[in-house]
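This report refers to the structure that appears directly beneath it.
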Amino acid sequence: MTESLQARDGRSVLRMERRLKHPQEKVWKAMTEPERLADWFPGSVALDLRAGGALTFELDGEGETGTITDLDPPRLIAYTWGADHLRWELYPDGEGTRLVLLHTFDDRAGAASYGAGWHTCIAALDLALDGRPGTDPGVDDIALHERFVEQFGLDAGTVETGADGWRVRYERQLTRPADGVWGALTELAPPGAPAHEHTLEHDADEGGRVRWELVAGTGHGARLVLTHTGTGGDPRAALAADRERIARLLDRLEAVPTGR
């Protein structure tokens with residue numbers, strides 16, 4: 001069981017490898033027949049199983065389309081899903097199958113959510129192949145999400161410098177809904193900090209000004225965007241201080257319901 005996140009041609013590529021105890025042909029049917037996809041895939045799928053064939057996805061009441069880009073039964077199927085690309089590879093592994101998923105997308109900050117989601121789906125696939133479709137795979141996807149955030153380096157901030165000063169930026173997918181995060185954030189902010197519509201600003205002791213903003217994220221919760229700007233001093237001190245600020249917020253969020 002391995003996972004990695006790489007940058008390729010300006011996009012992010014999530015690679016996940018799992019071993020299933022079922023033979024390749026059986027796994028292939030579960031990945032290409034709509035009635036079997038319904039047992040584990042996130043949403044309903046209809047597809048024209050041929051290279052260049054069309055797919056339609058229905059998830060949470062919203063529909064999207066795709067196209068099969070690669071097809072080599074029973075080893076490979078790849079297709080677009082909106083702007084994303086999914087490539088599923090199957091290899092015989094003893095009496096079982098080694099499954100490799102490559103998911104290409106633009107939203108790097110959402111990579112941990114995608115990883116946790118696909119891990120859960122593949123666990124559900126294995127249960128369905130066992131003859132137990134619909135069984136809860138028992139995955140703690142919140143804990144898994146946070147593990148992937150650290151593993152993929154998604155908790156790291158960036159520093160930019162220019163003629164007008166420096167700018168620190170963190171973009172962090174959270175696992176709690178926006179209203180719950182906002183409550184915890186306003187408790188941590190200095191008294192009197194200007195706040196409006198999930199945006200909050202205040203001066204920083206180490207210099208510069210911090211701006212917190214909650215925006216739409218993946219299905220796991222709100223997305224935090226923290227920017228810290230200044231014109232003097234060492235931006236690395238701001239980078240470290242902002243990391244501590246986010247850590248304090250995450251500690252507070254432990255007590256906030258996930259909303260599920």
Side-chain angles (χ1 to χ4, degrees), residues 1-22 24 27-28 30-32 37 39-43 45 57 59 66 69-70 75-94 96-130 135-158 170-176 217-221 223-224 243 246-247 250 253 258 260:
M1 188 171 76
T2 61
E3 310 88 13
S4 64
L5 181 67
Q6 298 180 340
R8 187 180 302 167
D9 298 329
R11 307 192 78 192
S12 294
V13 182
L14 171 68
R15 184 183 189 279
M16 305 186 75
E17 182 172 330
R18 297 290 186 272
R19 186 183 188 281
L20 305 175
K21 55 183 175 292
H22 301 276
Q24 184 180 16
V27 178
W28 177 258
M31 304 195 66
T32 57
L37 281 163
D39 292 334
W40 67 275
F41 200 80
V45 184
F57 306 92
L59 178 63
T69 58
D70 303 89
R75 188 189 65 84
L76 167 67
I77 182 169
Y79 46 81
T80 58
W81 182 353
D84 293 5
H85 187 256
L86 297 172
R87 179 182 177 92
W88 302 89
E89 301 173 1
L90 303 178
Y91 302 95
D93 186 1
T97 302
R98 182 166 59 90
L99 179 154
V100 177
L101 165 64
L102 295 168
H103 181 183
T104 303
F105 49 90
D106 295 315
D107 181 21
R108 182 175 183 273
S113 296
Y114 297 139
W118 285 125
H119 174 91
T120 303
C121 287
I122 294 171
L125 165 63
D126 209 21
L127 287 169
L129 292 171
D130 279 342
T135 301
D136 183 353
V139 175
D140 184 348
D141 64 329
I142 299 296
L144 186 61
H145 179 278
E146 293 307 290
R147 179 169 76 79
F148 283 155
V149 166
E150 182 175 355
Q151 180 178 333
F152 297 156
L154 302 173
D155 52 352
T158 59
Y170 284 87
E171 183 171 353
R172 176 69 150 81
Q173 178 61 43
L174 304 173
T175 58
R176 301 300 194 274
T218 66
H220 272 85
R223 176 77 55 85
L224 169 66
R243 187 180 181 89
I246 293 173
L250 295 175
L253 293 183
T258 63
R260 298 180 181 177

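Both backbone and side-chain heavy atoms feed into the values below; hydrogens, waters and symmetry mates do not.
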Decide yes or no on side-chain contact (heavy atoms from CB on, under 4.5 Å) for Leu102 and Glu89, but give the supporting numbers first. CA-CA 8 Å; Leu102 295 168; Glu89 301 173 1; 4.1 Å; yes
Please name the pair of heavy atoms, one in Pro42 and one in Leu59, separated by the smallest distance, quoted to 0.1 Å. O-CD1, 3.3 Å
What one should report as the nearest heavy-atom pair of Pro137 and Leu127 is CA-CD1, 3.6 Å
If we ignore hydrogens and angles and just use 3.5 Å, is the side chain of Arg147 paired with the main-chain N or O of Ala116 as donor and acceptor? no
Check ion pair Arg172-Glu146 (N to O, under 4.0 angstrom): yes
With rounding to the nearest 0.5 Å, note down the distance linking CG in Leu125 to CG in Leu129. 4.5 Å
Could you walk me through whether Trp81 and Phe41 satisfy the ring-ring contact (aromatic ring centres under 6.0 Å, His included) test, starting with their C-alpha distance in whole Å, then the side-chain angles of each, then the deciding distance to 0.1 Å, before giving a yes or no? CA-CA 13 Å; Trp81 182 353; Phe41 200 80; 5.5 Å; yes
Any side-chain heavy atom of Arg98 sitting closer than 4.5 Å to one from Gln24? no
Between CD on residue Gln173 and CG on residue Leu224, distance to nearest 0.5 Å: 10.0 Å
Run the side-chain contact (heavy atoms from CB on, under 4.5 Å) test on His85 and Thr80 for me, step by step, so that the C-alpha distance in whole Å, both residues' side-chain angles and the decisive distance to 0.1 Å come before the verdict. CA-CA 4 Å; His85 187 256; Thr80 58; 4.0 Å; yes
Going through the distances and angles, do Asp141 and His119 end up as a side-chain hydrogen bond (donor to acceptor under 3.5 Å, both in side chains)? CA-CA 9 Å; Asp141 64 329; His119 174 91; over 6 Å; no
Do Asp155 and Ile246 pass the side-chain contact (heavy atoms from CB on, under 4.5 Å) test, and can you show the C-alpha distance, the side-chain angles, and the key distance before you say yes or no? CA-CA 9 Å; Asp155 52 352; Ile246 293 173; over 6 Å; no
Using the side-chain hydrogen bond (donor to acceptor under 3.5 Å, both in side chains) definition, which of the options Asp107, Thr175, Thr218 pairs with Ser113? Thr218
CZ of Arg176 to CD1 of Ile142: how many Å apart, nearest 0.5 Å? 6.0 Å
Is it true that Trp118 and Phe105 have ring centroids separated by less than 6.0 Å? no
Can you tell me how far apart CG (Leu37) and CE (Met31) are? Round to the nearest 0.5 Å. 7.5 Å
Among Thr69, Val13, Thr104, Asp70, find the residue that satisfies the side-chain contact (heavy atoms from CB on, under 4.5 Å) test when tested with Arg87. Asp70
Nearest 0.5 Å, please: how far is NE2 in His103 from CG in Leu5? 11.0 Å
Out of curiosity, Arg108 CZ to Tyr114 OH, how far, rounded to the nearest 0.5 Å? 13.0 Å
Quick one: does Leu14's side chain get under 4.5 Å of Leu101's, heavy atoms only? no
Is there a side-chain contact (heavy atoms from CB on, under 4.5 Å) between Leu154 and Phe148 once you walk through the steps? CA-CA 8 Å; Leu154 302 173; Phe148 283 155; 5.9 Å; no
4.5 Å side-chain heavy-atom contact, Thr97 and Trp28: no
Quick one: are Trp40 and Asp126 in side-chain contact, heavy atoms under 4.5 Å? no
